[in-house]
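Notes to accompany the following structure.
Bear in mind the structure is a predicted one, so any value in this text is a computation, not a measurement. Basis for what follows: all heavy atoms, side chains included, without hydrogens, waters or symmetry-related copies. Proteins come first, then strands; the chains are lettered A, B, ... in the order of their sequence lines, and each starts at number 1.
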Amino acid sequence: MPELPEVEVVRRGLERWVSGRTIAEAQVLHPRSVRRHPAGAEDFAARLKGHIVGIARRRGKYLWLPLADTDASILGHLGMSGQLLVQPEDAADEKHLRIRIRFDDSLGTELRFVDQRTFGGLSLHDNTPEGLPEVIAHIARDPLDPAFDDAAFQTALRLRRTTVKRALLDQSLISGVGNIYADEALWRAKLHYERPTATLTRPRSAELLRHVRDVMNEALAVGGTSFDSLYVNVNGESGYFDRSLDAYGREDEPCRRCGTPMRRRPWMNRSSYFCPRCQRPPRPTRTLS
DNA sequence: GTTAACACCTGAGAGC
DNA sequence: TGCTCTCAGGTGTTAA
């Protein structure tokens, strides 16, 4: 389940193995994987041909490959199960291979987009003057971006009438955080996932932001998190951060801080993992009559 | 304008 | 053995 650290690992792989190469041909093997390209699969393939791939970039969970000689970029999102793999041209096709990009050189490798659940995809978009694909202009900067504005984030958090985990997953407020790292950061900050954002003091929100950054940087240092074969880097290798998770997936296991069995609660069609002792639920708010 | 709920999608695993 | 059901969850769309 790729979140920011996993996407950054993939971006680095693309920068190393794909940037600077000229696209010879693109094959779309599943139309859903280019559904965000309004002009369709044929147009997507035709517009890539002959262009040089620029330096891979990322914002939150989106990554893009600028086409160096145009004002457009190939935008990618891995969704739930997407993989961007650099494979030998003669390697057998993966079962869920959706898009193949061949290059006009003699390196003998090609770029493959493999996606079991087809939540992810590739598309081609014009760039904004800042070099960002226009369709992701609404995505906030991520907390590892040097230009991320801590004070603005804290202010926005205070003004929201929502709960803290919803806010962490709101990509227009802060990008790159998914269910796993949200639970990890909240556990470290000793915050319950349903804590109203308006009740967070500046020091508390600053501490939460610090934990978000810490957990992402630690995951990045070991190549990301992987529970199964659904997340891998461009070489098909998995990360190791799942061995360091303190909250996510640890239902009934003892809290690493206080020993209380961790709990899992259904939340927004997914799960929230928390320690019922360290992360006390918020007091019920008074209703005005 | 803001917030919440839902659809999309496939395969692993549990239960019968 | 094989069938059905549940679960996993990021994003865009729709509803409130």
Does D214(A) have more than 12 heavy atoms from other residues, nucleotides or ligands lying within 6.0 Å of its CG? yes
Using a cut-off of strictly less than 4.0 Å, decide whether Q171(A) has a side-chain nitrogen or oxygen near OP1 or OP2 of dT11(C). yes
Could you give the CD-to-C1' distance, from Q116(A) to dA8(C), as a whole number of Å? 10 Å
Test R11(A) against E15(A) for salt bridge (charged side-chain N to carboxylate O under 4.0 Å, His left out), laying out the working first. CA-CA 6 Å; R11(A) 189 204 67 76; E15(A) 183 173 343; 2.6 Å; yes
Quick one: does any side-chain atom of T70(A) pair with a main-chain N or O of A72(A) as donor and acceptor, under 3.5 Å? yes
To the nearest Å, how far apart are Y273(A) OH and dC7(C) P? 11 Å
Without decimals, in angstroms, what is the distance between M80(A) CE and dG10(C) C1'? 7 Å
Chain A reaches DNA chain B, atoms under 4.0 Å from its heavy atoms, from dT3(B) to dG11(B)
In this structure, how many angstroms lie between the P atom of dG12(C) and the CZ atom of R32(A), rounded? 12 Å
Would you tell me if any nitrogen or oxygen in the side chain of H138(A) comes within less than 4.0 Å of OP1 or OP2 on dT11(C)? no
OP1 or OP2 of dA8(C) less than 4.0 angstrom from a side-chain nitrogen or oxygen of R117(A), does that happen here? no
Do other residues, nucleotides or ligands put more than 12 heavy atoms under 6.0 Å from the CZ atom of R35(A)? yes
Can you measure L168(A) atom CG to dT11(C) atom P for me and round it to whole angstrom units? 14 Å
Interatomic distance, D170(A) CG vs dG12(C) P [rounded to whole Å]: 11 Å
Salt bridge present between D246(A) and R256(A) (N-O < 4.0 angstrom): yes
Sugar-phosphate, base or nothing in reach of R264(A), heavy atoms under 4.0 Å: sugar-phosphate
When you check the phosphate oxygens OP1 and OP2 of dG10(C), does a side-chain N or O of Y181(A) lie under 4.0 Å from one of them? no
Presence of donor-acceptor pair under 3.5 Å, side chain of R36(A) and base of dG12(C): no
Given E94(A), Q27(A), Q83(A), the one that forms side-chain hydrogen bond (donor to acceptor under 3.5 Å, both in side chains) with R112(A): E94(A)
Using 4.0 Å as the upper bound for N to carboxylate O, is an ion pair formed by R264(A) and D252(A)? no
In whole angstrom, what separates N179(A)'s CG from dA8(C)'s P? 9 Å
Between R265(A) (CZ) and dA8(C) (P), how many Å, whole number? 13 Å
